[in-house]
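What you see is a predicted model, and the numbers here were worked out from it, not measured in a lab.
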Amino acid sequence: MWLFNREGPSGFSASSTAEEVTQGIDGSAVTAIVTGASSGIGAETARVLALRGVHVVMGVKNMSAGREVKETIAKRNPDAKIDAMELDLSSTASVRKFAADFVSSGLPLNILINNAGIMATPFMISKDGIELQFATNHVGHFLLTNLFLETMKKTAHGTKTEGRIVNVSSRRHKFSYREGIRFDKINDRSGYNSLAGYGQSKLANVLHANQLARRLKEDEVAITANSLHPGAVATNLFRHNSLIRGLVGVLGKHVFKNVEQGAATTCYVALHPQVKEKSGLYFVDCNVAETCSQANDNELARKPWDFTVSLVNNG
């Protein structure tokens with residue numbers, strides 16, 4: 001039994017599942033990309049979107065696992081339109097290839113769900129020379145989003161349907177380093193803290209969505225950008241942190257969401273009519289929620305944009 005079961009203004013709560021929040025929605029004219037869809041809430045997001053008729057393209061690092069998820073979804077739903085393509089968010093080369101392959105396919109793109117992530121890893125550097133959590137959780141998704149903006153604009157214009165960009169962040173965005181994002185110390189091993197580093201990458205997710213929302217509004221483009229906290233979900237995201245992994249084992253279903261509940265807010269923000277024309281917001285349990293003060297800092301929001309552009313151009 002989920003302990004916190006109070007419904008918000010949307011009519012949904014922490015215990016709502018992805019199927020429940022998308023009940024009755026027809027997504028048959030929609031194409032979506034879901035990153036990190038080979039396990040956890042990413043796989044559940046892909047399954048439920050496909051159940052609603054969406055053509056889902058899963059961006060997965062492990063193609064073997066991706067194919068298994070695809071086959072499982074197809075067995076349960078023979079009408080599912082679902083594909084898997086290789087994508088390593090920690091590599092700008094992989095991100096660029098994924099985007100180029102998708103664009104060359106000629107498919108439209110209505111929804112981009114930046115879901116993939118790693119958490120509380122030991123200090124590591126990506127192939128492009130960037131601290132791994134920041135590279136995977138933020139930089140890769142930032143680049144991917146930029147590479148798909150033109151396709152999404154064309155799709156929104158051609159279909160007269162609102163496009164949606166969804167950044168899966170975390171409550172941990174409120175617990176980054178003291179300065180928020182350590183622009184001058186991104187790759188500083190000596191000052192690295194695995195959980196603060198995770199928080200930093202998740203703060204960047206929120207700031208990215210907020211700044212993107214402002215830019216899209218200024219350009220009068222029919223695409224929204226929002227971020228969300230899926231809730232504490234018992235998935236393999238915790239594999240690098242023994243303390244949190246232990247808490248999951250002890251508290252289990254009494255405090256942590258299952259994957260069906262964990263994917264609910266993502267599916268809600270991606271598909272639900274209640275979210276139409278809402279942009280630059282942060283959602284928790286399928287309801288608008290408050291972010292930390294740093295996430296609402298317009299000046300700070302501009303800094304990571306320019307900073308990430310420089311990282312991407314050097315990658």
Side-chain angles (χ1 to χ4, degrees), residues 1-25 27 34 36 40-49 51-52 111 113-115 117 119 164-176 195 198-199 202-203 205-207 209-210 213 224-238 241 243-296:
M1 179 67 70
W2 180 251
L3 296 178
F4 311 105
N5 194 25
R6 189 173 62 183
E7 289 183 357
S10 69
F12 302 114
S13 70
S15 64
S16 299
T17 67
E19 285 198 25
E20 289 169 350
V21 305
T22 57
Q23 188 66 44
I25 296 175
V34 183
I41 63 174
E44 177 65 2
T45 298
R47 183 188 74 80
V48 173
L49 292 185
L51 185 65
R52 303 305 175 215
I111 300 170
I113 299 177
N114 294 319
N115 165 80
M119 178 181 179
R164 296 187 185 183
I165 297 167
V166 183
N167 281 0
V168 179
S169 181
S170 168
R171 179 178 176 272
R172 290 292 316 183
H173 85 271
K174 300 179 179 181
F175 304 96
S176 179
L195 282 173
Y198 178 70
K202 295 288 104 179
L203 174 60
N205 290 157
V206 179
L207 290 169
N210 291 352
T224 62
N226 293 292
S227 57
L228 64 92
H229 168 49
V233 189
T235 69
N236 64 1
L237 188 64
F238 300 121
N241 191 292
L243 175 60
I244 299 177
R245 200 168 63 243
L247 285 173
V248 172
V250 173
L251 300 175
K253 63 182 179 181
H254 300 293
V255 174
F256 290 87
K257 292 184 178 185
N258 57 38
V259 290
E260 292 82 6
Q261 295 163 335
T265 304
T266 303
C267 290
Y268 172 79
V269 176
L271 274 190
H272 206 285
Q274 288 179 355
V275 189
K276 187 177 182 181
E277 297 181 355
K278 293 186 177 180
S279 195
L281 299 175
Y282 172 73
F283 292 80
V284 179
D285 299 333
C286 302
N287 289 279
V288 177
E290 291 293 320
T291 60
C292 66
S293 58
Q294 289 173 320
N296 288 316

Which residues share a side-chain contact (heavy atoms from CB on, under 4.5 Å) with T224, sequence neighbours left out: E162, R164, N226, S279
Non-hydrogen atoms of V21 and A264 that approach each other most closely: CG2-O, 3.4 Å
Which residues share a side-chain contact (heavy atoms from CB on, under 4.5 Å) with E19, sequence neighbours left out: T17, R47, V48, L51, R52
Pairs meeting criterion salt bridge (Lys or Arg N to Asp or Glu O under 4.0 Å) with involvement of residues 260-272, two or more places apart: none
Any residue meeting side-chain contact (heavy atoms from CB on, under 4.5 Å) with A270, in chain and number order, not counting sequence neighbours: I111, I113, V166
Heavy-atom side-chain contact between V233 and V259 under 4.5 Å: yes
Note, T266 side chain near L228 side chain (heavy atom, < 4.5 Å): yes
Contact check, side chains of E44 and N258, non-hydrogen atoms, under 4.5 Å: no
Check: R172 and L195 side chains under 4.5 Å, non-hydrogen atoms: yes
Heavy-atom closest pair, residues A209 and A225: O-CB, 3.6 Å
Rounded distance [0.5 Å steps], CG in D285 versus OG in S15: 8.5 Å
Where N287 and F12 come nearest, the two heavy atoms and their spacing: ND2-O, 3.1 Å
For E7, all residues meeting side-chain hydrogen bond (donor to acceptor under 3.5 Å, both in side chains), sequence neighbours excluded: none
Results of ring pair (Phe, Tyr, Trp, His ring centres under 6.0 Å) for F283 - residues two or more places apart only: none
Listed partners of H229 passing ring pair (Phe, Tyr, Trp, His ring centres under 6.0 Å), at least two apart: none
Over all atoms of both residues, closest heavy-atom pair of K278 and Q274: CE-O, 3.3 Å
Taking every non-hydrogen atom, the tightest pair across I25 and P273: CD1-CD, 3.9 Å
Interatomic distance, R171 atom CZ to H173 atom NE2 [nearest 0.5 angstrom]: 9.5 Å
Residues in side-chain contact (heavy atoms from CB on, under 4.5 Å) contact with A43, at least two apart in sequence or another chain: V69
N/O donor-acceptor pair under 3.5 Å between N205 side chain and N167 backbone: no
Closest heavy-atom pair and its distance - K202, S169: O-OG, 2.8 Å
Exam field: side chain N115 to backbone G36, donor-acceptor pair closer than 3.5 Å: yes
Test log, rule side-chain contact (heavy atoms from CB on, under 4.5 Å), inputs L203 and C292: CA-CA 9 Å; L203 174 60; C292 66; 4.1 Å; yes
Contacts of type side-chain hydrogen bond (donor to acceptor under 3.5 Å, both in side chains), residue Y282, not counting sequence neighbours: none
T45 and C267, any side-chain heavy atoms less than 4.5 Å apart: yes
Expected output: side-chain S10 to main-chain C286 donor-acceptor under 3.5 Å: yes
